[in-house]
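See structure below.
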Amino acid sequence: MTYPFKKIEAKWQKKWERDGIFHAREPRGQGAKGLKGGEKFYGLIEFPYPSGEGLHVGHPRSYTAIDIVTRKKRMEGKNVLYPIGWDAFGLPTENFAIKHKVKPAVATKKNVANFTRQLKSLGFGFDWSREIDTTDPAYYKWTQWMFLKFFNSYYDEATKRARPLSELKIPPKFRLQGPKAIAAYLDEKRMAYKASATINWCPSCKIGLANEEAQGGVCERCGGKVEKREKAQWMIRITAYADRLIEDLKTVDYLDRIRTQQINWIGKSEGASVDFSFVIQNHTFSSLRSQYTKRRGNLVRQDCHVVATPRNDEKDSEGVITVFTTRPDTLFGATYLVLSPEYPLLDRWLQDGVIKNARNVQEYCEGARKKSDIERQENKEKTGVVLDGISAVNPATGENIPVWIADYVLSGYGTGAIMAVPAHDERDFEFAKKHGLPIAQVVSSVIPAQAGIQNKKEIVCFTEEGTATNSSFLNGLPTNEAKEKMIAWLEKGKKGKRTVNFKLRDWVFSRQRYWGEPIPIIFCDECGPVAVAEKSLPVKLPDVRRYEPTDTGESPLAKISTWVKVKCPTCHRQAKRETDTMPNWAGSSWYFLRYCDPHNRKEFASAKSLKYWMPVDLYNGGMEHTTLHLLYSRFWYKFLWDLGLIPEECGSEPYARRHSNALILGEGGVKMSKSKGNVVNPDDVVAVYGADVFRLFEMFIGPFDADAPWDTRGIEGVKRFLEKVWRLYSDVQHPTFNVGCWTSDIEALLHRTIKKVGDDIESLNFNTAISAMMILANAMSDVGAGSSRPDSVSRPNRVNASVGEGGRTPPLHGRETFLKLLAPFAPHIAEELWQKLGHKTSIHVAEWPSYDETKLVADTFELVVQVNGKVRDRMTVPSDISEKDATAAALESPKIKAALEGKEPKKIIYVKGRLVSIAI
RNA sequence: GCCGCGGUGGCGGAAUUGGUAGACGCACGGGACUCAAAAUCCCGCGAUCGAAAGGUCAUGAGAGUUCGAUUCUCUCCCGCGGCACCA
């Protein structure tokens with residue numbers, strides 16, 4: 001018998017929508033029918049990008065999960081907000097529009113309609129009255145408004161908060177220099193600023209990509225190779241928040257691996273910057289080499305005499321090369337420096353002709369510049385070239401050391417220069433071996449007296465195969481202490497200072513594309529970049545004939561001269577609009593705020609609604625967003641919060657709890673993709689099995705945070721489960737609905753299932769929750785069936801067919817309770833059966849069942865008896881058996897007696913409710 | 001290379017966090033019902049020895065702690081994901 005899901009599902013979806021049972025109540029909470037406390041619960045899923053391909057079976061995994069959680073919260077009396085919207089700006093739609101010759105706005109509308117139909121067919125309890133769309137001018141007006149906040153703010157290092165630019169004190173020297181100098185000073189400080197940046201350039205998309213978007217050296221969108229290119233870009237100063245983005249992770253409940261990923265992405269490293277004085281002199285690299293002799297094919301110093309007094313004040317000193325190192329304690333082993341090919345001083349040296357092998361150096365730099373960052377990083381060969389004519393002085397040993405350039409040193413991180421310690425760094429070691437550079441292991445060091453550390457023996461210099469271990473370098477001190485001593489010494493002698501570096505870079509915020517929010521800036525020859533007046537927002541996207549970016553890489557908007565030409569808001573002279581647009585991460589960085597108050601025309605959201613709804617109680621999405629989107633939106637939120645645009649009491653983090661789900665793979669465990677032809681369309685599944693089966697299967701398929709392969713046969717299992725439930729409830733005469741037929745065993749099972757399902761929903765273990773419901777359903781259908789299912793209730797006893805003791809029959813309505821447990825998972829069938837039982841209101845606003853602690857335990861349990869750790873007997877005993885009785889019973893068992901072989905037990909261990917373990 | 005996660009039947013996966021390994025489901029085998037099929041119901045289903053009772057071996061490999069280890073510790077192997085000449 002197949003239950004008529006087609007009829008049922010459409011019917012209830014319509015009814016729920018008409019009754020608005022999934023609408024979140026306004027903050028006041030008055031008149032909220034059926035609400036117990038009015039306590040809120042904000043469940044959030046990553047709003048989808050409405051692509052032309054429609055919904056993928058991966059989408060509903062997240063949506064169903066949070067749907068289940070929010071439905072339970074609603075039944076518990078919470079005022080639930082579970083909103084939905086569209087993250088619709090961006091390249092896929094633009095590329096689709098170009099290909100199919102439709103306007104992006106039209107394509108988006110169509111895609112949204114399709115997604116809406118699909119999502120509604122799955123019966124999610126979204127509050128559709130709060131639907132938002134990032135491409136709606138009423139929405140992106142506020143995205144632009146926020147951009148202007150970035151533009152008009154600076155980061156106040158003293159208070160560690162962003163503040164309005166109007167509060168920035170301008171140093172007198174700039175004021176004296178006049179308005180231009182003041183403007184320049186302000187531009188330096190802005191949170192959104194324009195800078196010429198080495199960007200990742202995708203030649204096929206004709207678009208600049210953030211580093212984060214160009215992972216693997218290929219364009220995230222088109223898969224093409226990424227090149228390097230200089231371009232003036234809008235940047236947002238996310239780096240100002242690096243520390244707080246790490247620190248505040250302590251205040252939120254994120255999965256450990258998400259937290260770790262965030263921290264690693266930001267990449268804080270503490271160390272020191274060290275100044276190496278460099279010397280322009282006649283000795284060449286070969287003359288430096290002559291200090292060393294060859295041993296075992298490596299160049300080593302044989303007699304290592306340490307000079308305690310650094311020589312950077314000597315007369316041949318020409319200047320300073322600053323390096324950053326996380327291991328200042330290895331400074332004694334620094335035997336050469338390596339500069340990036342972009343190192344600023346290089347050009348000057350080449351011009352001055354002080355480099356003797358200038359031609360080699362120039363060639364090398366040109367080669368390196370042609371390569372993209374990615375290619376340079378992929379290059380496993382440690383290429384490099386020496387700067388003949390330049391040498392540097394190791395400030396700790398006073399030695400002259402050679403200076404090299406190599407493209408494995410990146411200009412964008414640290415100072416663009418490193419000190420190489422080949423004995424203690426594997427990359428440096430490889431490089432040194434390849435180029436015949438000296439390797440000095442720091443075993444114990446002579447520390448300059450100023451460091452306040454007693455002198456020990458000289459550095460022992462030698463080299464063996466491989467690098468040295470990370471032992472301590474300074475007089476046997478632990479690494480951290482050694483680092484501290486070294487930093488203290490460096491700072492005292494003004495040779496360097498404590499420095500913190502981050503991997504995180506500022507956010508490249510411009511795109512030279514059409515389908516994004518226009519950046520609301522006007523360029524005036526007189527006034528420079530000027531913000532569009534707030535009252536003129538939104539700056540709407542104009543209609544364009546062609547969406548292809550221009551060959552020059554400018555946005556298609558640049559071609560619309562009527563749109564580009566505007567009056568300067570400040571001086572009213574002729575000026576030009578910014579034609580770049582924002583990345584599609586802009587709109588998704590704050591959408592969860594808009595959900596709180598989506599129809600507000602005066603503010604992006606009222607303080608009152610934000611105070612009520614924020615922070616998000618549970619946010620779930622894909623693993624692929626655990627670095628980028630999560631980081632950007634946390635940053636964006638903190639910025640608004642700093643400015644007081646989000647009430648203080650909301651807290652400094654937008655998401656109280658973040659969870660990420662894994663992928664649904666194709667059959668056989670490979671990733672679903674169009675090219676492999678193994679993509680499963682939810683529509684097809686719903687047509688054959690219905691939404692409830694689909695939802696249940698997506699949750700039963702495996703642990704929520706583990707990849708799971710789609711399995712068309714596996715889906716039959718959950719289908720059978722629902723059909724069994726349907727059959728059971730169709731038979732009102734079934735003994736399970738006769739209170740007298742319930743034993744205390746099945747009653748205990750009912751209570752255990754209530755607990756299990758509730759707990760599992762909270763911890764997002766949906767697969768085991770469903771398994772528990774299956775067990776209960778099996779037991780219920782077995783009631784009165786005589787013999788069946790020995791294992792379904794409590795091991796080892798089957799549901800005892802005998803009637804429970806008089807008066808102890810369940811006061812709880814098992815049939816109602818089961819449906820309530822099922823309701824969040826399979827809402828349609830649960831509602832249908834609920835109403836068949838005679839209920840007039842929806843099961844989804846019925847009260848979530850509670851369990852009785854005292855009934856969680858069955859009357860008896862199976863006592864396991866082990867001898868030397870091996871199970872030798874099992875016996876059914878009363879639940880409240882005493883240790884003494886249990887042990888006695890165990891020792892009396894013939895099987896145990898046999899296993900003991902007449903020996904005396906050395907030790908008897910009793911685990912309450914479980915086992916007796918006898919050691920002989 | 002670094003970081004993170006994982007490795008349990010033919011398959012997806014359970015295991016109360018140190019206490020009966022394999023719940024639940026799929027697949028498979030046998031049976032009942034049926035003229036037959038489907039559906040449903042019942043029984044079986046890690047390997048191995050055994051007619052059976054029962055025994056032995058089993059959670060990637062190897063050691064260790066323990067009365068007892070899938071769970072804790074160490075070493076190693078393999079897979080997946082993320083990041084990367086980040087100094």
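Worth saying up front: this structure is predicted, and the values here are computed from it rather than measured. So you know, we letter chains A, B, ... as the sequences are listed, proteins then strands, and number each from 1.
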The side chain of [X] lies closest to which of these nucleotides: [options]?
X: A/Glu723; options: B/C3, B/A27, B/U40; result: B/U40
X: A/Arg872; options: B/C3, B/U56, B/G19; result: B/U56
X: A/Lys870; options: B/U20, B/G25, B/C57; result: B/C57
X: A/Phe700; options: B/G55, B/G12, B/A23; result: B/G12
X: A/Thr325; options: B/A87, B/C42, B/U40; result: B/A87
X: A/Val409; options: B/C67, B/C24, B/A87; result: B/A87
X: A/Val871; options: B/A27, B/C67, B/A21; result: B/A21
X: A/Val864; options: B/C42, B/U20, B/C67; result: B/U20
X: A/Arg727; options: B/U20, B/A87, B/U40; result: B/U40

Length of the line joining [X]:[atom1] and [N]:[atom2], which is rounded to integer Å:
X: A/Glu270; N: B/A87; atom1: CD; atom2: C1'; answer: 15 Å
X: A/Glu716; N: B/A38; atom1: CD; atom2: P; answer: 14 Å
X: A/Ile775; N: B/G22; atom1: CD1; atom2: P; answer: 13 Å
X: A/Arg327; N: B/A87; atom1: CZ; atom2: C1'; answer: 11 Å
X: A/Asp760; N: B/C24; atom1: CG; atom2: C1'; answer: 12 Å
X: A/Asn868; N: B/G68; atom1: CG; atom2: C1'; answer: 10 Å
X: A/Phe697; N: B/C24; atom1: CZ; atom2: C1'; answer: 14 Å
X: A/Lys906; N: B/G68; atom1: NZ; atom2: P; answer: 10 Å

Find the partner of [N]: check Watson-Crick (N1-N3 plus N6-O4 or O6-N4) and G-U wobble (N1-O2, O6-N3) distances, both under 3.5 Å, and reply none if neither fits.
N: B/C67; answer: B/G19
N: B/G25; answer: B/C11
N: B/A36; answer: none
N: B/U75; answer: B/A61
N: B/G1; answer: B/C83

(request) Assign each of A/Gly869 and A/Gly414 to its nearest nucleotide of RNA chain B by heavy atoms, then name whichever residue's nucleotide is nearer the 5' end. (result) A/Gly869
(message) Nearest heavy atom decides the nucleotide; on that basis, is A/Met419 or A/Met774 closer to the 5' end of RNA chain B?
(response) A/Met774
(message) For A/Asp407, is there any backbone N or O sitting under 3.5 Å from a side-chain donor or acceptor partner on A/Tyr364?
(response) yes
Quick one: label [X] by what it contacts on the DNA or RNA (base, sugar-phosphate, nothing), any heavy atom closer than 4.0 Å.
X: A/Phe502; value: nothing
X: A/Arg874; value: base
X: A/Arg259; value: nothing

Measuring only the [atom1] atom in each nucleotide, how far is [N] from [M]? A whole number of Å is fine.
N: B/G46; M: B/G22; atom1: P; result: 10 Å
N: B/A27; M: B/G12; atom1: P; result: 15 Å
N: B/C45; M: B/G10; atom1: C1'; result: 11 Å
N: B/G19; M: B/U70; atom1: C1'; result: 13 Å
N: B/C42; M: B/C26; atom1: P; result: 12 Å
N: B/G7; M: B/U71; atom1: C1'; result: 14 Å
N: B/C28; M: B/G18; atom1: P; result: 39 Å
N: B/U16; M: B/G79; atom1: C1'; result: 29 Å

Where do [X] and [Y] come nearest, in terms of heavy atoms and distance?
X: A/Ala334; Y: A/Ile401; answer: O-CG2, 4.0 Å
X: A/Asn661; Y: A/Ser62; answer: OD1-CB, 3.6 Å
X: A/Asp692; Y: A/Leu722; answer: CB-CD1, 3.7 Å
X: A/Ile68; Y: A/Met699; answer: CD1-CG, 3.7 Å

(request) Name the orientation of the base relative to the sugar in B/G9: syn if the glycosidic angle is within 90° of 0, else anti. (result) syn
(message) Apply the syn/anti split at 90° from 0 to B/U17 and say which one it is.
(response) syn
(request) Report yes or no: is there a donor-acceptor pair, N or O only, under 3.5 Å between the side chain of A/Gln866 and the base of B/G19? (result) yes
(request) Answer whether the closest heavy-atom distance between the side chains of A/Val718 and A/Met774 falls below 4.5 Å. (result) yes
(request) Kindly indicate whether the side chain of A/Ile321, heavy atoms from C-beta on, has any atom under 4.5 Å from the side chain of A/Tyr343. (result) yes
(message) Using OP1 and OP2 only, check whether a side-chain N or O of A/Lys724 sits under 4.0 Å from B/C41.
(response) yes
(request) Tell me whether the OP1 or OP2 atom of B/A27 has a side-chain N or O from A/Arg720 closer than 4.0 Å. (result) yes
(message) What I want to check is whether the side chains of A/Asp506 and A/Thr239 have a donor and an acceptor closer together than 3.5 Å.
(response) yes
(message) Testing the 3.5 Å rule here: is there a donor-acceptor pair between the side chains of A/Lys724 and A/Asn778?
(response) yes
(request) Before accepting this row, confirm whether a basic side-chain N of the pair A/Glu46/A/Arg61 lies closer than 4.0 Å to the acidic partner's carboxylate O. (result) no
(request) Would you mind checking if A/Lys719 and A/Glu716 are paired as a salt bridge, meaning a charged N to carboxylate O distance below 4.0 Å? (result) yes
Find every protein N or O atom lying less than 3.5 Å from an N or O atom of nucleotides 13-18 of chain B, and list the pairs.
unit_1 : atom_1 : unit_2   : atom_2 : d
B/A14  : OP1    : A/Asn767 : ND2    : 3.1
B/U16  : O2     : A/Arg914 : NH2    : 2.3
B/U16  : N3     : A/Arg914 : NH1    : 2.7
B/U16  : N3     : A/Arg914 : NH2    : 2.2
B/U16  : O4     : A/Arg914 : NH1    : 3.1

